[in-house]
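Every chain is numbered from 1, with letters handed out A, B, ... down the list of sequences. Computed from a predicted structure; not experimentally measured.
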Amino acid sequence: MKKKIFSMHVDVEDFLPASEEEKAYMVQMRPSTTFFKDGMKRLLKNKIAALSMFLIIVISLASIFLPYFWPYKYDKMLGNTPGKPMDPSYNNLAPFEYGETEQEKIAAGEKVFPHIFGTDSQGRDYFIRVVYGTRISLSVGFFASIIVLIIGMTVGSLAGYIGGKVDIIIMRIVDIIYSLPDTLMVILLASVMKVTLGPALEGTVLEKLGSNMISLFIVFGLLYWVSMARLIRGQILSLREQEYVLAARATGAKAGWIIRKHLLPNCISVVIISTALQIPSAIFTESYLSFLGLGVNAPMPSLGSLASDALNGYTTYAYRLIIPAVVISLIVLSLNLFGDGLRDAFDPKLKN
Amino acid sequence: MNTKNLMYILKRVALAALTVWVVITVTFFVMRAVPGGPFMAEKAVSEAAQAALEAKYGLDKPVMEQYFTYLKDIVTKLDFGPSIKLRGRMVIDVIADGMKTSVKLGLIAAFIALGSGIVLGAVAALRRNKLIDKIIMVITTAFVSMPSFIMGTLLLILFTIHWQIFPANGSTAEGLVLPIITLSLYPMAYITRLTRSSMLDVLGQDYIRTARAKGVSPAKVIFGHALKNSLIPVITYFGPMLAYIVTGSLVVEQIFAVPGIGRAFVSSITNRDYPLIMGTTIVLACLIVLMNLVSDILYKVVDPRITLE
């Protein structure tokens with residue numbers, strides 16, 4: 001049937017069911033992807049970020065598991081055997097050298113595990129100290145960032161969502177803390193808390209962790225949450241004007257529910273990225289404080305305190321300084337590059 | 001200058017003053033919270049001597065009275081009291097002595113960082129994705145990831161022990177070369193990256209294309225149009241740069257044995273010389289707050305497009 005131009009008649013053929021062939025056009029050829037999968041794909045495509053991620057995983061796993069089956073302990077002075085005088089031949093061994101009693105054992109045909117990086121001035125195996133120090137530095141960075149994340153997220157989301165007077169007061173406090181010179185305040189608080197916390201912690205579980213480590217976490221909790229709070233507040237402020245929040249409120253959702261279920265999930269990528277970038281800065285701060293003698297308590301090593309101890313004998317044992325230095329730089333570098341990669345992969349707004 | 005700008009500046013000044021007050025107050029009360037007071041570390045002092053010492057330093061008065069006296073002395077006559085461990089010296093004199101060296105060190109480091117950072121950043125941006133850009137980016141990324149104390153000790157090992165070019169003692173003029181380099185490397189790397197990204201941003205703007213299209217020489221486009229505008233974000237880095245140099249000098253002066261304020265601060269912490277710790281913290285903090293204020297205001301004044309809230 002020929003259709004007249006301008007006729008209001010509808011074409012019946014348009015309403016016939018689609019044939020199998022036509023249906024095949026509409027089938028999506030690739031499986032649907034989630035936000036996370038999409039981001040991971042982009043992250044792994046970025047060679048530098050993928051390599052950094054690989055390095056971080058290897059370093060973390062090594063620092064967690066190596067101490068369990070390494071034959072030496074990080075605080076064991078190898079020259080000290082109970083009931084015998086101290087054996088000084090174990091102090092300051094060069095890499096792959098052995099102490100006197102170990103040499104006797106080797107001469108007798110026994111196998112002795114080598115001291116890959118030698119020993120330090122007190123006869124402790126340096127390799128395991130570096131591994132343990134890496135573990136301490138990494139965990140300080142990780143937990144400090146978690147503390148910052150929790151405090152910053154709570155305060156920031158409350159300020160952003162409630163708004164009004166609460167927001168103004170919180171943001172003024174944030175402004176002041178933000179303009180405090182953080183490193184100076186950290187040094188000040190750490191140097192005082194070192195004295196104050198020591199006696200208070202005696203006999204508790206936290207004693208093993210050491211007063212310096214606790215004060216480090218407290219200082220981070222007090223000072224470093226502000227940029228996270230600002231970031232999240234900004235995100236929430238723009239998100240809470242969205243229609244779906246209005247819809248949720250209209251159906252009777254409470255503030256806590258809206259923050260947890262609607263607002264936070266939508267700014268999660270920004271949060272993860274800035275947490276990832278917070279870790280290297282925490283490691284930096286810890287190593288800086290350790291270098292000034294305000295870091296972890298002896299005999300526990302951290303990369304910063306290892307470097308600072310090595311400073312005394314750097315003329316003869318330069319490698320003892322260079323090893324922790326290289327490890328810190330490697331960790332911080334790969335964390336920074338990984339964080340940048342994360343940002344490029346997971347924050348679609350920043351992509352252009 | 002309209003009222004809006006004036007209001008903004010007033011607000012920033014008020015915030016800076018408030019911050020300085022918070023620093024002084026926190027420092028004061030944190031130091032008073034130390035159990036046993038500053039004389040705990042001394043070897044067994046008789047009770048009479050302890051009381052005499054406390055009376056001498058005014059520690060027997062109520063805390064609030066001490067606080068207001070301390071605040072008044074600082075504001076009216078810049079008096080931070082006497083040092084406890086350096087007998088017969090006032091805190092402000094120790095600080096002034098240390099500042100002589102540290103200010104020199106910091107200023108030279110800042111100028112080197114600014115000069116070389118801007119040049120390197122501009123070169124990297126103009127030769128984008130060429131070999132020279134890649135080399136600059138790799139080196140600056142490495143510098144940004146290296147803590148100052150590690151940079152310092154590596155330079156110390158290389159230049160004073162391995163090659164013996166510079167003396168390890170920072171009290172002479174040649175001895176200051178390495179500390180200056182150490183302090184300037186991180187800000188230089190940061191400024192390079194900052195200049196590069198903002199220069200790339202500016203080079204993509206329409207007015208650059210217009211200038212090129214109407215036949216302005218490439219040199220004039222770069223120096224007259226692009227560079228000037230791409231330096232605006234660098235101004236915001238003045239404050240953080242000073243903060244970095246101040247805190248960096250704490251370890252750098254320690255490593256190279258420079259007789260500056262940073263070393264005085266670190267040794268006051270190990271000696272538990274509380275008035276000196278307080279005085280140095282407050283002076284350095286004021287310096288950083290002031291520089292942040294200046295760079296913030298300068299940033300808004302230099303670029304009229306930036307709206308002030």
A:T183 and B:L250, any side-chain heavy atoms less than 4.5 Å apart: no
Atom of B:V23, atom of A:P181 and distance for their closest heavy-atom approach: CG2-CD, 4.2 Å
OH (A:Y178) with more than 12 external heavy atoms under 6.0 Å: no
Nearest-0.5 Å distance that lies between atom CZ in A:F291 and atom CD1 in B:I150: 8.5 Å
Residue, of A:L337, A:I328, A:I331, A:D182, that accumulates the most heavy atom pairs under 4.5 Å with chain B: A:I328
Contacting region of A:L294 [heavy-atom separation from chain B under 4.5 Å]: side chain
Among the listed options B:T153, B:T270, B:I288, the residue most often paired with chain A at heavy-atom distances under 4.5 Å: B:T153
Chain B contact via A:F284 - which portion, at a heavy-atom distance below 4.5 Å: side chain
Other residues, nucleotides, ligands: >12 heavy atoms within 6.0 Å of A:Y224 OH: yes
Nearest-0.5 Å distance that lies between atom OG1 in B:T280 and atom CG in A:L184: 9.5 Å
Part of B:L293 lying under 4.5 Å from any heavy atom of chain A: neither
Heavy-atom proximity to chain A below 4.5 Å, by part of B:Y244: neither
Top contributor to chain B interface from A:N336, A:L180, A:D175 [non-hydrogen pairs under 4.5 Å]: A:L180
Chain B interface, residue from A:I283, A:I177, A:L333, A:L330 that has the most non-hydrogen pairs under 4.5 Å: A:L333
Greater than 12 external heavy atoms within 6.0 Å of A:F142's CZ: no
Which atoms of B:A243 approach chain A - backbone, side chain, both or neither, heavy atom under 4.5 Å: neither
Residue selection (most heavy-atom pairs with chain A, distance under 4.5 Å) from B:L154, B:L284, B:V20, B:T160: B:L284
Shortest non-hydrogen contact between B:V289 and A:S179, atoms and distance: CG2-O, 3.8 Å
Top contributor to chain A contacts, counting heavy-atom pairs under 4.5 Å, from B:L15, B:V266, B:N292, B:L287: B:L15
B:F29 atom CZ, over 12 foreign heavy atoms within 6.0 Å: yes
Exercise: identify the closest heavy-atom pair between A:A307 and B:F149: CB-CE1, 3.9 Å
B:I165 atom CD1, neighbour heavy-atom count above 12 within 6.0 Å: yes
Check against side chain to side chain contact (heavy atoms under 4.5 Å, CB included), B:T27 and A:M185: CA-CA 8 Å; B:T27 318; A:M185 289 287 126; 4.3 Å; yes
Candidates B:I269, B:I277, B:T281 - the one meeting side-chain contact (heavy atoms from CB on, under 4.5 Å) with A:I187: B:I269
